[in-house]
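Below is one structure, written out as structure tokens; comments come after it.
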Amino acid sequence: MQGFIFYLILPLIYLISLLPFWFLYRISDVMYFIVYYVIKYRRNVVEQNLSNSFPEKSIEEINMISKKYYAYLCDLILESFKKLTMTKKQTLKHIKFNDKSLFDKMFEEKKSLILLMGHYGNWEMAGSAFSLQTKYQLYVIYKPLSNKYFEELMVKTRTMFGTKLIKVHSTLRDMLANKNSITATAFIADQTPPPESAYWTMFLNQETPVFTGAEKIGKKLDSPIIFINIDRVRRGYYEITAELLFDNPKETSENEISETFIKRLEKEINKKPEIWLWSHRRWKHKRRK
């Protein structure tokens with residue numbers, strides 16, 4: 001049944017990916033109306049998350065951010081389909097580094113890197129842009145999909161321009177296997193970890209469990225920690241900014257890397273909240289007292 005559904009949908013996905021951006025966004029406008037007003041996909045989750053994160057904002061302000069978020073989410077979904085057939089030229093046009101000198105410097109020093117980022121902007125396009133615009137071999141940590149057909153499609157899309165993937169359960173093993181190469185390994189580190197193994201801190205005005213795997217691996221390998229921000233400049237166009245958080249992770253105190261990352265991400269979310277993934281049930285776990 002999974003295969004039947006996949007092959008039924010696949011031609012439509014490819015058809016969408018072949019459309020020009022301007023037409024893609026007309027579809028997104030219609031999709032937004034259906035998702036927000038008709039289906040009301042997870043609107044209660046989004047509005048509750050926003051209200052808890054920004055208690056100082058009025059109901060009107062929360063509703064406005066919510067609407068902007070759904071418009072962005074529809075764009076993001078269709079942009080992810082578009083990525084299937086995007087050329088190198090298109091990718092470089094739609095997502096750029098504002099300054100990649102940090103990566104040039106680190107590569108010359110033969111330092112492997114750990115990249116920390118959130119579900120902010122367009123992280124899928126960012127992977128392609130990084131592989132095309134830096135000298136690093138990029139590895140991305142990911143969780144495989146349960147549907148093997150969509151899993152194969154996702155892997156194909158994410159590895160188009162040389163990016164390689166590491167399954168989350170084999171992260172440390174694979175990174176140790178690559179330790180003699182100069183690599184950059186990206187963690188989308190704002191996901192919800194098991195509460196018993198998490199570092200708990202205040203994030204967006206709520207007690208939040210934070211993923212610590214990247215910190216532990218960074219300290220073990222002593223790889224510089226880089227924060228990656230993906231700003232949406234305008235519809236369909238993104239800019240990547242890189243910021244060195246820690247050059248020598250082994251010298252940091254416990255949870256210092258995780259705390260610094262989550263506060264840095266929070267700063268960006270406060271600037272432009274509509275381009276973070278609010279429909280994720282980020283606060284489904286509560287801290288045990």
Side-chain angles (χ1 to χ4, degrees), residues 45-46 48-57 61-62 65 68-69 72 97-99 102-103 106 113-123 126 130 140-141 171 184-232 238-288:
V45 174
V46 171
Q48 187 65 60
N49 283 344
L50 286 169
S51 296
N52 292 341
S53 298
F54 305 109
E56 76 284 358
K57 295 187 184 298
E61 288 174 307
I62 294 298
I65 296 172
K68 287 182 178 180
Y69 166 70
Y72 150 77
F97 281 89
N98 70 348
D99 181 5
L102 175 62
F103 296 109
M106 291 288 182
L113 309 175
I114 286 183
L115 313 179
L116 297 184
M117 56 198 294
H119 288 92
Y120 190 81
N122 190 320
W123 56 92
F130 188 94
V140 176
I141 309 302
T171 301
T185 305
F187 292 77
I188 301 182
D190 60 347
Q191 302 186 58
T192 305
E196 62 277 3
S197 62
Y199 164 63
W200 287 80
T201 189
M202 292 301 293
F203 172 59
L204 293 170
N205 291 300
Q206 298 162 85
E207 274 201 313
T208 306
V210 178
F211 173 74
T212 60
E215 172 171 348
K216 292 174 181 176
I217 292 172
K219 293 178 80 167
K220 185 176 183 66
L221 300 178
D222 205 25
S223 298
I225 307 292
I226 310 290
F227 175 75
I228 299 293
N229 183 55
I230 307 160
D231 183 32
R232 193 188 202 200
Y238 299 87
E239 184 176 80
I240 303 172
T241 302
E243 179 183 326
L244 177 63
L245 297 184
F246 298 97
D247 201 1
N248 302 108
K250 281 187 177 180
E251 297 177 2
T252 62
S253 58
E254 186 178 7
N255 297 318
E256 184 179 357
I257 293 171
S258 299
E259 178 72 17
T260 302
F261 160 71
I262 208 70
K263 292 303 182 188
R264 187 62 188 80
L265 176 61
E266 182 180 63
K267 181 179 177 181
E268 295 304 323
I269 294 171
N270 280 317
K271 289 180 186 176
K272 203 173 287 186
E274 66 272 15
I275 62 171
W276 189 59
L277 200 60
W278 293 101
S279 48
H280 176 54
R281 298 182 190 275
R282 184 64 181 87
W283 292 278
K284 62 184 177 183
H285 299 302
K286 299 301 178 183
R287 189 176 189 177
R288 291 181 182 178

List the residues meeting ring-ring contact (aromatic ring centres under 6.0 Å, His included) with Trp123, not counting sequence neighbours, and say none if there are none. His119
Is the Phe103 ring parallel, tilted or perpendicular to the Phe130 ring (thresholds 30°, 60°)? perpendicular
Under the side-chain hydrogen bond (donor to acceptor under 3.5 Å, both in side chains) test, which residues partner Thr171, sequence neighbours left out? none
All side-chain hydrogen bond (donor to acceptor under 3.5 Å, both in side chains) counterparts of Trp276, not counting sequence neighbours: Asp190
Who are the side-chain contact (heavy atoms from CB on, under 4.5 Å) partners of Asn52, not counting sequence neighbours? Gln48, Gln206
Taking atom CD1 of Ile275 and atom NZ of Lys68, what is their separation to the nearest 0.5 Å? 11.5 Å
For the atom pair CD1 (Ile62) and OG (Ser53), what is the distance rounded to the nearest 0.5 Å? 8.0 Å
In terms of ring plane angle, is the pair Phe187 and Phe211 parallel, tilted or perpendicular, where the classes change at 30° and 60°? tilted
Supply the atom-to-atom distance Ile225 CD1 to Thr252 OG1, rounded to the nearest 0.5 angstrom. 8.0 Å
Given side-chain contact (heavy atoms from CB on, under 4.5 Å), test Leu102 with Phe97 step by step and report yes or no. CA-CA 11 Å; Leu102 175 62; Phe97 281 89; over 6 Å; no
Separation between CD1 of Ile226 and CG of Leu245, rounded to the nearest 0.5 Å: 7.0 Å
Tell me every residue that passes salt bridge (Lys or Arg N to Asp or Glu O under 4.0 Å) with Asp99, counting only those two or more places apart in sequence or in another chain. none
Output every pair passing salt bridge (Lys or Arg N to Asp or Glu O under 4.0 Å) with a member in residues 268-284, not counting sequence neighbours, ordered by first then second residue. Asp231-Lys272, Arg264-Glu268, Glu268-Lys271
Which value, rounded to the nearest 0.5 Å, describes the distance between Phe246 atom CZ and Ile114 atom CD1? 12.5 Å
In terms of heavy-atom contacts, Gly218 and Pro249 come closest through O-CB, 3.6 Å
In this structure, CG of Leu221 is separated from OG1 of Thr185 (nearest 0.5 Å) by 8.5 Å
The side-chain hydrogen bond (donor to acceptor under 3.5 Å, both in side chains) partners of Tyr120 (sequence neighbours excluded) come to none
Asn270: side-chain hydrogen bond (donor to acceptor under 3.5 Å, both in side chains) partners, not counting sequence neighbours: none
Could you tell me whether the side chain of Leu50 reaches within less than 4.5 Å of the side chain of Lys57, counting heavy atoms only? no
Start with the C-alpha gap between Phe54 and Glu61, add the side-chain angles, then the distance that decides, and say whether side-chain contact (heavy atoms from CB on, under 4.5 Å) holds. CA-CA 10 Å; Phe54 305 109; Glu61 288 174 307; over 6 Å; no
Between Asp247 (side chain) and Pro224 (backbone), is there a donor-acceptor pair under 3.5 Å? no
When you compare the side chains of Asn229 and Thr241, does any donor N or O come within less than 3.5 Å of an acceptor on the partner? no
Sort and list the pairs that fulfil side-chain hydrogen bond (donor to acceptor under 3.5 Å, both in side chains) and have at least one residue in residues 254-263, not counting sequence neighbours. Tyr199-Glu259, Thr201-Glu259, Glu215-Ser258, Ser253-Glu256
Does Asn122 have any side-chain contact (heavy atoms from CB on, under 4.5 Å) partners at least two apart in sequence or in another chain, and if so, which? Leu76, Glu79, Glu124, Met125, Tyr238
Do Glu266 side-chain atoms and Leu204 backbone N/O form a donor-acceptor pair below 3.5 Å? yes
Please enumerate all residues that pass side-chain contact (heavy atoms from CB on, under 4.5 Å) together with Ser279, with sequence neighbours excluded. Tyr41, Arg42, Val46, Tyr69, Leu73, Leu277
Contacts of type side-chain contact (heavy atoms from CB on, under 4.5 Å), residue Pro194, not counting sequence neighbours: Glu196, Ser197
